[in-house]
Amino acid sequence: MTMVDHNIRVKPARPDIGARLTFDLSRPGRIGVLLPKPDVPPAELPEARFLRTDLNLPELSQNQVVRYFLALSRLNYGVDTGFYPLGSCTMKYNPRVNEDIGGLPGFTLAHPLQPQAAIQGALVVMFRLQQALASITGMDAVSLAPAAGAQGELCGMLIVKAYLEDHPERGRGRKVLIPDSAHGTNPATAAMCGFEVVTIPSDRDGNTDIEALGSALDNGVAAMMLTLPSTLGLFDPNIQRIAEMLHRHGALLYGDGANQNAFLGRARFGDMGFDIVHLNLHKTFSTPHGGGGPGAGPVCVKAELAPYLPAPVVEANGDSYRLATPERTIGRTTAFHGSFGVLVRALAYIRSLGAEGLRAVSDNAVINANYVLARLRAGPGQAGYQLPYDRPCMHEVVLSPPKAGQRPYGRPPGRAKGVKTLDIAKRLIDYGFHPPTIYFPLIVDEALMVEPTESESKEALDAFCDAMLAIAREVEEDPDVVRAAPHDAPLRRLDEATAARKPYLRWRAPAQGGNV
Amino acid sequence: MTASSPHPYIPNTDDDRRAMLDAAGVATADDLFADIPPDLRIDGLDLPQALSEQELVREMAALAGRNQVPGDGVASGGCFLGAGAYRHFIPSVVGHVIARSEFFTAYTPYQPEISQGTLQTMFELQSMVCELTGMDVANAGLYDGASALAESCLMTCNVTGRSRIALLDSLHPHYAAVVRTYAQGRGLAVDVVTDGDLTEEHACLAVQHPNFFGHLEDVWAHESAAHAAGALLIAVVDPISLGMLAPPGHYAADIAVAEGQGLGSPVSFGGPYLGLFACRQQYLRQMPGRIVGRTTDLDGRTGYVLTMQTREQHIRRERATSNICTSQQLVGLTATVYMAAVGKHGLRQVAETCYHRAHYAAERIAALPGYSLAFQTPFFKEFTVRCPTPPAQLLARLLEGGIIGGLDVGDQVENGLLICVTEVNTRDEIDRLVEALEAAR
């Protein structure tokens, strides 16, 4: 009798979606949209040299367009797919009602150059958002102009530069102090503004090393850029002292507000001594991340710096609102008024939460992160992850794998032994989770930075922690399966080295070495 | 314990929180905020309480209703306002694709295995931008056309080692303003020039084509002047125009930047928009912004990854080519879907429709007594008219009749009115504009 092995299954090979771009699917004569026929007499065209005869864009039928992009969307993991704990990115739920509101024709069809009397609704949105952000941060004046956090940082540091030029009595500072845990945009921004970057180490507790700060502080310092809580997820209890030290030397304190989700309604930047702060609306204020934008990075300042804000700001005169240019503005950051579509969504979010709700956001974000910390940390009777700083975290927690090399305070980065964070991250994908941020902040070897946000239920956190602990066991018992992960993703690990060495950055026709 | 009302965006209940606080070994949520010095602690925010979803929609819709936009009763006569923000037709597929939450709720594709949707569409955008502009390599987008221009000016200073930026005087004034904002950081000088002003101290010459007034520039003359002075040529272009006009690659531009809003995004009161950026192969490593590259995975399947990251802030920090991190990805996806939908022939058709309708409008307006075209050079979809009376008055009268007539550029051209006509403006609207302009003077 022949034995039939019912375990053999024959699956046709999955199509190589990546090898079939719109250009590859294109066939001459297909159209995706029916456009109107000409209805005016044709005008004479410019001379031939002004015109083109070639234009190589794809030709697809409409349903091909839909299928193609739908197929691609299904390869993507978003917040709607599942837990997405990227540190300092605040991947919270993007409320759908805000999308509906953002799509209202009264908002989408308003042209930025219409006479202001005709677009008062848009100006009210902006004014109310300015006020709400000022209230939340405890700062005095706000500009909604910057298109992203990094552009907010740029504005902030240009304000520092401009203000100090106007106030030479505060010293001609050319140096900017930046903690070693800072996000890369901070030093990049300082350099774009012509400042020299001086790195300040963090101490054993993960706070700014006050002695090192003291040594670095002289009258040549223009400002310090501080993220609070830090990228370690830790609130520096010495913040007021830091502010006082800087101010005493004529320097300004700039706050990177990317982590504002940690203390809404509990404390305010303005009370701590910050002179300038930027916020990320696509983080704390729930506007969608979009796969990498659009976001918005409003900049909030103390009254003395208000004249320097980027243009435009919205001013109220009784019941009437207008776009205004601050008298010593550092200038425009984009062609028009800022990412208005993002601003609408952020205001809708703030109105949906209210004072009590916003405080609850932070409370729950912090509780969630501390629960993850408690479940994942190694301890007596629990194998788990290393906690570089043994103290409660705020809205995010930084961990390292069980056998990663610890970097003692002050030692430069070394090579990790044993388990690699990269492998753990890739294995998490097999468990159905988006990995946390890895290898950042730089001062923790093999770092894993987990920010759950308040959007996650306890069950979701438990499922994530269960997976993390299971992987920690796999590392001991079956390391190969971790090192070869992911096994269950649309693609396996990609060859990034070759991508960088042999850049292949645009579609190529088959004759040029593209698809056959 | 957090004593607050339940909220749809916060799943955990008092019971959940109690269990988690117990696991964390603390009695209350307040204990977790112990690092905040007591004198900094506040009891809450000075903001109104939460609105229900219905109240929220009502409140926000009322604000939207206070904007007089084309299509409703007030501006039913059409809108002829352009000047850097353009009403173009948005095919219905665009909105449906970008509403896929796998696209819009994702973030920067740091884990490529589960981000191929984002990465492959970024690669598509890069490819399409190269084809559109005739340039060798493109990035995955910057904030908007103006900041893309600013970043490209900074790049030319890095490439040439020079510290003066030249902008042709027909550039959009807001674009020039943004360049100045970025230039002040490194103390770079910005000169607004006309032909012949270029010197060997200039790192670049930026030329907008069609220019702010809507007219075509003699780009070959500008290219010669720029390269003769050892400066790089930056072309600031309208991507819709590239459906029919010779692209920057054809006139030897070194860098091409553009505003991508017209490719499928609404005007949206000025943002979010999309900066397109492309350049010659030799400048690849100085480019700002994200770049996606094609590669293979362990099984040999084709995939896409962020590449050339050593240029960027998260690797290179203070030596990065730019500080940009989050950009405009969803708007980039919008442009990609738009270009896939209209396709090769559709984009040409859109461009030609804009061209012919704008010329029909211009001819009819120029025939009106008292009105004339301010410039005799060819134009694409915008043109500047010298009016018999100050444009502000004309525009007010037009608005009474439900027409948004254009932009008053009287500060640059005497009694100048910048009128934009796209494929969205019907012949009927144009005829009524002409009649209204005649009646209003």
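Keep in mind that the numbers below use all heavy atoms, side chains included, and drop hydrogens, waters and symmetry copies. In the text below, chain A, chain B and the rest are named by the order of the sequence lines, each starting its count at 1.
Using a 4.5 Å heavy-atom threshold, the side chains of B:V350 and B:M244 count as separate. The shortest distance between side-chain heavy atoms of A:P105 and A:F107 does not fall below 4.5 Å. The closest side-chain heavy-atom distance from B:Y107 to A:H282 is below 4.5 Å.
For a residue to count as touching a neighbouring chain, one of its non-hydrogen atoms must lie under 4.5 Å from one of that chain's; by this rule B:E423 does not touch chain A. Looking at B:D46, both its backbone and its side chain come within 4.5 Å of chain A, counting heavy atoms on both sides. Both the backbone and the side chain of A:L35 come within contact range of chain B, with heavy atoms under 4.5 Å apart. The contact between B:Q309 and chain A is made entirely by side chain atoms (from C-beta outward), counting heavy-atom distances below 4.5 Å. Residue B:L81 touches chain A through both its backbone and its side chain, counting heavy-atom pairs closer than 4.5 Å. Using a 4.5 Å cut-off between heavy atoms, A:L373 makes no contact with chain B at all. Contact annotation for B:T307: only side-chain heavy atoms (C-beta onward) come within less than 4.5 Å of a heavy atom of chain A. Of the atoms belonging to B:L395, not a single heavy atom falls under 4.5 Å from chain A. Looking at B:L154, the atoms closer than 4.5 Å to chain A (heavy atoms on both sides) all sit in the side chain, from C-beta outward. Only the side chain of B:H172 has a heavy atom closer than 4.5 Å to any heavy atom of chain A. For B:R100, the part lying near chain A is the side chain, with the backbone staying farther off; criterion is any non-hydrogen pair under 4.5 Å. Only the side chain of A:L86 comes within less than 4.5 Å of a heavy atom of chain B; its backbone N, CA, C and O stay farther away. Heavy atoms of B:V93 lying under 4.5 Å from chain A belong exclusively to its side chain. Heavy atoms closer than 4.5 Å to chain B are found in both the backbone and the side chain of A:L113. For chain A, the nearby part of B:Y360 is the side chain; its heavy atoms alone come within less than 4.5 Å. With a 4.5 Å cut-off on non-hydrogen atoms, A:Q114 touches chain B through its backbone and its side chain both. Of the atoms belonging to A:M91, it is side-chain heavy atoms, and not backbone ones, that fall under 4.5 Å from chain B. Looking at A:P42, both its backbone and its side chain come within 4.5 Å of chain B, counting heavy atoms on both sides. With a 4.5 angstrom heavy-atom cutoff, B:Y175 touches chain A only via side-chain atoms. Only the side chain of B:P378 comes within contact range of chain A, with heavy atoms under 4.5 Å apart. Proximity to chain B (any heavy atom under 4.5 Å) is shown, for A:R30, by neither the backbone nor the side chain. When heavy atoms are compared at a cutoff of 4.5 Å, B:I10 approaches chain A by way of both its backbone and its side chain.
The greatest number of non-hydrogen atom pairs below 4.5 Å with chain A, out of B:L132, B:T121, B:T181, is found for B:T181. With chain A as partner, the option from B:P266, B:A140, B:S127 having the largest number of non-hydrogen pairs under 4.5 angstrom is B:S127. Ranked by heavy-atom pairs shorter than 4.5 Å toward chain B, the options A:M394, A:K161, A:Q120 are led by A:K161. The greatest number of non-hydrogen atom pairs below 4.5 Å with chain A, out of B:P37, B:G343, B:A246, is found for B:A246. Across A:A267, A:P36, A:A162, A:S286, the residue that shares the most heavy-atom pairs under 4.5 angstrom with chain B is A:A267. Residue with the most contacts toward chain B among A:L234, A:V344, A:N370: A:N370 (heavy-atom pairs, distance under 4.5 Å). Contact count versus chain B (heavy atoms, under 4.5 Å) is highest, among A:V65, A:V33, A:L51, for A:L51.
For A:Y84, the ring pair (Phe, Tyr, Trp, His ring centres under 6.0 Å) criterion is met by A:Y77, A:H434, not counting sequence neighbours. The side-chain contact (heavy atoms from CB on, under 4.5 Å) search around B:D299 returns A:R492, B:D297, B:R301, not counting sequence neighbours.
No cation-pi contact links B:R294 to B:Y304, judged by a cut-off of 6.0 Å to the six-membered ring centre and 45° from its axis.
A salt bridge is absent between A:K92 and A:E456; no separation between the charged side-chain nitrogens and carboxylate oxygens falls under 4.0 Å. Between A:R351 and B:E59, at least one side-chain N (NZ, or NE/NH1/NH2) sits under 4.0 Å from a carboxylate O, which counts as a salt bridge. Using a 4.0 Å cut-off between charged side-chain N and carboxylate O, B:R17 and A:D363 make no salt bridge.
Side-chain contact, B:D144 with B:S147: a donor N or O sits under 3.5 Å from an acceptor N or O. Defined by atom type and a distance below 3.5 Å, a donor-acceptor pair is present between the side-chain atoms of B:Q120 and A:Y68. Under 3.5 Å, the side chains of A:T81 and B:E102 contain no donor-acceptor pair of N or O atoms. Counting only N and O atoms by type, the side chains of B:T295 and A:D495 include no donor and acceptor under 3.5 Å apart. The closest side-chain donor-acceptor pair between B:T302 and A:D16 falls under 3.5 angstrom.
Between A:H111 and B:F269, the distance separating the two ring centers is not shorter than 6.0 angstrom.
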For a side-chain contact (heavy atoms from CB on, under 4.5 Å) check, start with the C-alpha distance between A:V366 and A:F263, then their side-chain angles and the critical distance, and finish with the verdict.
CA-CA 8 Å; A:V366 169; A:F263 58 92; over 6 Å; no
